[in-house]
> 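To start, I am sharing the structure in question, which I have written as structure tokens.
Letters A, B, ... are given to chains in the order of the sequence lines, protein chains preceding strands, and every chain is numbered from 1.
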Amino acid sequence: MSDNITESTVPKNFIAAIIEKDNETGKYDGRVATRFPPEPNGYLHIGHAKSICLNFGLAKGFGGTCNLRFDDTNPSKEEVEYVDSIKEDVHWLGFDWDDRLFYSSDYFDQLYAFAVQLIKDGKAYVDSLSAEEIRKYRGTLTEPGKDSPYRTRSIEENLDLFERMKNGEFADGEHLLRAKIDMASPNVIMRDPALYRIRKVAHHRTGDKWCIYPMYDFTHCISDSLEKITHSVCTLEFENNRPLYDWVLENLGVYRPQQIEFARLNLSYTVMSKRRLIQLVEEGHVSGWDDPRMSTISGMRRRGYPAAAIRNFCERIGVAKATNMVDFALLEFSVREELNAHSPRYMGVINPLKVVIENYPEDKTEEFEFQNNPEDPDAGTRMVPFSKVLYIERDDFMEDAPKKFFRLAPGREVRLRYAYYIKCTDVIKDENGEVIELRCTYDPDSKGGGTPDGRKVKGTLHWVSVAHAKEVEVRLYEHLFTRENPMDNKDGSDFKDHINPDSLKVLPKCYVEPILGDVQPGFKCQFERIGYFCVDKDSTPEKPVFNRTSTLRDTWKKIEKKQNAK
RNA sequence: UGGGGUGUCGCCAAGUUGGUAAGGCAACGGAUUUUGAUUCCGUCACUCGCAGGUUCAAGUCCUGCCAUCCCAGCCA
């Protein structure tokens, strides 16, 4: 279902430069091992795609490996539904972890043993202060913390307490295993960080085997070490944690990968924090994590974004350490670029206007051969039926058309793509003055869309034969949020205030080429002229879903606006 | 009033051991066009957060400011 990745070149970014240098100095004997370590507490979004492309791309580019590891150390937030979706999304993006699928929870026994080792070395202790007391003892950003009274417990007592923690003798929050580092450290993270907490919750993989769970800072570095990762790539907010990452491995005396941080992706007028994504789903603003308007990988997949487009996008935005805000237009460009090159282009009408070709025989039907994608000869051709009565897009007709309007208007001639030139001779209206039908004549000599006399026509319309077209329900998806506001929340507004109420429009009576009635899931096509494309039908198996690209919308309005401005 | 990062065109982002500012998006011109799409050509930073300094020469070195992000979960 995913596109294939055809090329694998060495990525060009500062992390690749570090790896290159390490390869030169033989730091890891030329070995390159990365990992993508999501916590299964939600669906993957476009920000994760950056990390996936980076980690798997680095591995691929240097002939190394990239593991998929679920960082599942907090059972109260994690679910198997999430691990399944994450695996699917990574695969769909075109990456493969082969047999290197790991879970932090696989290491719980080893992690426990390492914790015992630290206790035995006098480098960890069981604290019995309450959460609130611990917070007070930690000090502030500007003031040092102070030692817990339990910091000096004997090794024996610590060992005993920790084992009893594991055996479930205490309630949640009663005790906590902490590293004994420095309560006065200017780096707050180093002020005796928590290593293990009691949490009597079932884990999605280990069930109720454990009631104590290791913290991220203790787990992540050890997992990396056990998997012999060389370059542990993560986002900037973990920079403060790196000294702890190194401290744990150094004090355990085990293999030490290096942590490298990069800036996470921010996309304009888009939310990506898991908290807000969950909110959108739970409060019903969207149909689910994979709603086509979501910034999730699965949402973009349903919206028709090709995996290659997302990969190219991640390539284009680069990898650096400066906090960024990438314009959504860059993502859209990547999508259009991919669609333009590879998706079949069909015709469809979302707001039909009937056209009767008066001089065309009543019962005649012809078929015209269309190129599926004029830019891609390998895409092949298809036959499209044509007859006397057609539908065209309502926007493609204007009764009092300005000179610059190139489409159909009374007395004007246009081309029906790959079919004939037609001229509008009459406009029929209902009692309300609404245009309900156009009477036209066609030029039989213009068959195929060209004329012997070489006369030019400015407009080319898409069309559909009423007798042959499939009626479908089209869903028009726009961006979930309005594009006027940066959503920086600096004006005190909630991100939900920026939800675009018109982001989903359901159009019941639309008409498409007959061939589209058999559209398969995962099939994408771009509509001629108006730029709609079909996306998969995962959750609406009975009806095709359509979507349009942003730059092609409201074409005439844009042109008109531009001309007025002049 | 602490520590750790980052500051190159509207948005991303390259800038090698100092040698005289890549590329992409957006925008704006123009050509081609059976999608007003695509494609194509052209324009778009005398300047690199600011101020000093070193040097024949600094985005790249030094000093001092300023701005901004992250850290006080028994989250990751």
> Checking all strands, does A/L331 fall into the base, sugar-phosphate, or nothing category for heavy-atom contacts under 4.0 angstrom?
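Counting heavy atoms under 4.0 Å across all strands, no contact is made by A/L331.
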> Looking only at side-chain N and O atoms, does A/R138 come under 4.0 Å of OP1 or OP2 in B/C74?
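So the side chain of A/R138 is within the cut-off, an N or O lying under 4.0 Å from OP1 or OP2 of B/C74.
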> Give the nucleotide from the list B/C12, B/A76, B/G36 with an atom nearest to the side chain of A/M215.
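Of B/C12, B/A76, B/G36, B/A76 is nearest to the side chain of A/M215.
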> Looking at A/R316 and B/G23, is any side-chain donor or acceptor paired with a base atom of the opposite kind under 3.5 Å?
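Donor-acceptor pair under 3.5 Å: no.
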> Check the angle between the aromatic planes of A/F370 and A/W463 and answer parallel, tilted or perpendicular using the 30° and 60° thresholds.
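Plane angle over 60°, so perpendicular.
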> Phosphate oxygens OP1/OP2 of B/A76: is one of them under 4.0 Å from a side-chain N or O of A/T73?
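So the side-chain polar atoms of A/T73 do come within 4.0 Å of the phosphate oxygens OP1 or OP2 of B/A76, strictly under.
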> Does B/G23 pair with anything, Watson-Crick or G-U wobble, both distances under 3.5 Å, and if so, with which nucleotide?
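Check on B/G23: paired to B/C12, both distances under 3.5 Å.
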> Could you please name the option among B/G5, B/G2, B/A14 that lies closest to any side-chain atom of A/A320?
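Side chain of A/A320 sits closest to B/A14.
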> Can you see if the side chain of A/R199 gets near the phosphate of B/C75 - specifically, an N or O under 4.0 Å from OP1 or OP2?
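Looking at the OP1 and OP2 atoms of B/C75, one of them is under 4.0 Å from a side-chain N or O of A/R199.
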> So how far is it from A/E338 CD to A/R311 CZ, rounded to the nearest 0.5 Å?
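Nearest 0.5 Å value for the CD-CZ distance: 8.0 Å.
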> What is the pairing partner of B/G36, taking Watson-Crick or G-U wobble pairs with both distances under 3.5 Å in any strand?
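None - no nucleotide pairs with B/G36, as no candidate has both distances under 3.5 Å.
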> Any donor-acceptor pair under 3.5 Å linking the side-chain atoms of A/S128 with those of A/R153?
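The answer is yes; a qualifying pair exists.
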> Quick one: look up who B/U6 pairs with, Watson-Crick or G-U, both distances under 3.5 Å, and put none if it's unpaired.
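Matched B/U6 with B/A67 under the 3.5 Å cut-off.
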> Determine the interplanar angle of the A/F162 and A/Y112 rings, folded into 0 to 90°, and report it as parallel if under 30°, tilted if 30 to 60°, perpendicular if over 60°.
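Answer is parallel, since the angle falls under 30°.
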> Pick the nucleotide of RNA chain B nearest each of A/T142 and A/A329; which residue has the one closer to the 5' end?
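On the 5' side of the pair lies A/T142.
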> Taking only the side-chain nitrogens and oxygens of A/R69, find out if one of them lies under 4.0 Å from OP1 or OP2 of B/A76.
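For A/R69, the contact criterion (side-chain N or O under 4.0 Å from OP1 or OP2 of B/A76) is not met.
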> Check whether any side-chain N or O of A/K146 sits under 4.0 Å from OP1 or OP2 of B/A72, and answer yes or no.
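No, A/K146 has no side-chain N/O under 4.0 Å of OP1/OP2 on B/A72.
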> Looking at A/R415, I'd like to know whether one of its side-chain N or O atoms comes within less than 4.0 Å of OP1 or OP2 on B/U33.
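It does not, given that no N or O in the side chain of A/R415 lies less than 4.0 Å from OP1 or OP2 of B/U33.
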> What about A/N240: does its side chain form a donor-acceptor pair under 3.5 Å with the base of B/C70?
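Present.
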